[in-house]
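Below: one structure, written as structure tokens.
Both counts, for ligands and for their atoms, begin at 1 and track the order of listing. Each residue takes its place number in the sequence, starting with 1.
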Amino acid sequence: MAEEPKPVLVRERLEVCELDRARMSLLNPALIAQKIEARTTDENAKPLLEMTMKEGLETVWDRFEMQQPPCKYCETGSTCSRCTMGPCRIIPPHRIRGVCGADADLMVARNLLDTIATGAAAHSDHGRDIVETLYLVGSGKTKDYGIADPEKLKRLCGEYGIDTAKKKPEKLAAELGRAMLEEYGMVKNTLTLLNRAPKGTREVWTKLGIAPRGIDREVVDAMHRIQMGVGADYVNILLQGLRCGLSDGWGGSMLGTDVSDILFGTPAPLKSTVNLAVLREDHVNIAVHGHNPVLSEMVVNAVRDPELVAVAQKNGAKGINLVGLCCTGSELLMRKGVPMSGNHLNQELVIATGALEAMIVDYQCIFPSLPRMASCYHTLIISTSPKAKIPGSYYFDFSPDKGYLTAKAIVRMAVENYKNRNPNRVQIPGEPVPLMSGFSNEAIRGALGGTFKPIIDLIAAGKIRGAAGIVGCNNPHVKHDYGHVTLAKELIKRNILCVETGCAAIANGKAGLLQPEAAALAGDDLRAVCESLKIPPVLHMGSCVDNSRILVLAAELGNALNVPIHKLPIAGAAPEWYSQKAVSIGCYFVASGVYTVLGVMPHIAGSPAVVSLLTEGLKGAVNASFAVEPDPLKAADLIAAHIERQRTGLGI
Ligand code: NFS
């Protein structure tokens with residue numbers, strides 16, 4: 001039998017936390033209470049936040065405070081440090097051009113395109129890792145993964161024109177994997193899954209010249225345009241932003257979602273629990289954090305390994321408790337019902353419970369600060385991606401060909417670490433909240449009797465006014481979860497169904513909105529619909545790459561009604577977004593025809609022309625636009641008004 005791999009320490013582990021005790025000692029109980037109220041609405045997070053302030057443990061909110069006030073040039077995007085003729089800033093009235101001659105519009109547009117391309121690259125590279133795993137399964141190079149949804153495999157083969165007759169699933173996996181890997185280059189010069197979009201939507205893309213040609217190609221094209229001396233026209237630069245975003249939504253992310261379903265199972269409704277209280281005092285607790293289910297699915301298997309459970313018990317624990325965090329948590333929650341410990345701003349607090357033996361991470365949204373917080377406890381930070389090495393973490397070189405063996409070695413390390421826990425420092429606040437998850441399009445269609453027609457009829461009859469996709473992150477600029485929860489509550493009250501992904505969905509899970517009982521908070525019509533279908537008024541559709549499920553849902557509704565997406569009574573919102581990935585998502589929503597309201601202003605205010613293009617000008621191009629509205633109650637007004645306008649346009 002092969003030997004379990006050993007970790008490498010990525011630079012030394014911090015032995016003591018470097019605390020800013022002097023600063024923290026200025027805090028008195030009243031100030032601490034005031035800060036807690038300003039920072040979060042998450043009741044389970046509050047006692048831990050209080051403890052971190054009393055003990056001088058630094059969190060994201062402390063660092064955010066220390067960064068105030070922000071640099072106004074960076075905040076408005078009117079700065080450029082791309083080449084060494086600069087760095088340059090726009091300071092009217094005299095310094096209105098950089099050394100190369102770029103004005104504020106160009107600087108802002110180039111910075112924004114950089115942001116979009118970064119986000120699209122992150123999603124699409126994640127998608128590639130999943131597709132490569134499918135290909136490895138098909139070519140027999142890994143035995144640790146299999147085909148969990150052969151039906152979906154066949155369906156996708158159909159979309160890719162692969163003959164499925166008399167072929168075994170492995171053969172199909174190899175052929176489909178290869179065909180999907182080609183989407184990343186530009187051999188075909190178009191993306192297969194664009195065909196899912198309604199005809200009218202595809203026509204908009206073709207007319208505007210923004211139909212993506214290849215996933216990697218659009219990212220590279222974007223990076224080329226922002227090289228000094230290439231793109232000089234802000235409109236042309238930002239059109240590439242839309243094309244790059246589309247290559248993520250209808251390309252990399254959509255492949256990520258569909259192939260994850262093929263490999264790990266298409267989600268179906270299930271029950272689970274959420275918040276920091278899902279950690280268990282008498283168990284070995286392990287959190288998986290990051291994005292890629294190729295890692296976390298193996299960890300799920302390893303924590304059930306009788307040999308490791310026996311080691312845990314020998315060490316005095318009752319068993320092994322696996323919990324999720326952020327998007328990889330959503331992947332496991334959707335498919336396996338693994339409890340969810342929190343969203344983006346919870347990540348340091350999960351460690352601060354003192355009950356976490358290991359946090360296993362892959363990539364994206366992982367604070368580099370985690371080993372600092374962990375060094376104040378016994379918690380091990382275990383990194384696994386060659387793209388995301390983290391000083392202070394133990395690194396395992398994870399790859400699908402030795403997936404299970406590596407996951408086992410990681411879990412063994414966590415289990416052995418249980419004896420190092422200091423019981424006096426354990427603080428697991430409150431009780432977990434129940435939730436319902438698993439709303440893939442297949443599951444929604446299945447629950448409706450095999451077709452989306454009942455939903456369309458309910459929308460046409462006005463029982464459901466429309467749907468809003470609430471997505472995205474947390475951001476210390478916004479009181480933790482306040483934007484997500486306030487907006488969702490306000491929309492369901494107005495009979496607008498909410499579909500959610502990522503950290504937005506987890507926020508609403510913690511607030512109790514992902515359970516069927518939350519129908520009581522909805523308007524009378526939506527409540528009746530939810531009660532008859534026994535579903536929550538806020539549906540969890542998965543991780544952030546699963547925003548592609550929302551695109552597919554919109555496409556299916558458009559196809560059923562024979563209208564482009566931009567005519568549907570739907571909208572998008574990202575009340576607390578922070579990430580470059582969220583900007584890419586916003587771009588593919590808007591470029592697909594979905595009006596999208598942001599709760600946090602992107603760094604573009606330095607160019608009124610760019611602001612006007614994104615909030616107004618795009619309407620003439622893609623029939624949709626962005627809006628920025630930090631107040632979720634006002635955002636609800638904007639969305640409801642938009643949905644009513646769309647209904648009028650459709651004559652319903
Ligand atoms: Ni999305 Fe996932 Fe959360 Fe934001 Fe980060 S976890 S991919 S980027 S913070 S929603």
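Under a 3.5 Å cut-off, the side chain of Ser543 and the backbone N or O of Cys327 do not form any donor-acceptor pair.
Between Phe367 and His344, the distance separating the two ring centers is shorter than 6.0 angstrom. Note: His642 and Tyr595 meet the aromatic proximity criterion, with ring centroids under 6.0 Å apart.
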Would you sort out whether Arg128 and Val131 count as a side chain to side chain contact (heavy atoms under 4.5 Å, CB included), showing the intermediate values? CA-CA 5 Å; Arg128 184 200 332 259; Val131 173; 5.6 Å; no
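In this structure, Gly472 counts as a contact residue of ligand 1, since one of its heavy atoms falls inside 4.0 Å of the ligand.
Among the candidates Thr41, Asn343, Asn475, Asp42, the single residue satisfying the side-chain hydrogen bond (donor to acceptor under 3.5 Å, both in side chains) test with His480 is Asn343. Among the candidates Glu58, Arg63, Gln347, the single residue satisfying the side-chain hydrogen bond (donor to acceptor under 3.5 Å, both in side chains) test with Ser369 is Arg63. Residue Thr257 is tested with Asn441, Asp546, Thr266 for a side-chain hydrogen bond (donor to acceptor under 3.5 Å, both in side chains); the sole match is Asp546.
Distance from atom 1 (Ni) of ligand 1 to its nearest protein heavy atom, with residue and atom name: Cys544 SG, 2.3 Å. At the shortest separation from atom 4 (Fe) of ligand 1 among protein heavy atoms lies Cys473 SG, 2.4 Å.
Within the 4.0 Å heavy-atom criterion, the part of His291 lying near ligand 1 is the side chain and not the backbone. Contacts of Tyr578 with ligand 1, taken as heavy-atom pairs under 4.0 Å, involve the side chain alone. Contact annotation: for Cys503 versus ligand 1, heavy atoms closer than 4.0 Å belong to both the backbone and the side chain.
Among the atoms of Cys327, an N, O or S atom is found under 2.8 Å from atom 2 (Fe) of ligand 1. Among the backbone and side-chain atoms of Cys365, an N, O or S atom lies under 2.8 Å from atom 5 (Fe) of ligand 1. Among the atoms of His344, no N, O or S atom falls under 2.8 Å of atom 4 (Fe) of ligand 1.
Within the listing of ligand 1, atoms 6 (S) sit less than 4.0 angstrom from a heavy atom of Cys326. Shown in contact with Ser579 at under 4.0 Å from a heavy atom are these atoms of ligand 1, numbered in order with element: 8 (S).
Distance OG/Ser584 to CG/Asp248: 3.5 Å, rounded to 0.5 Å.
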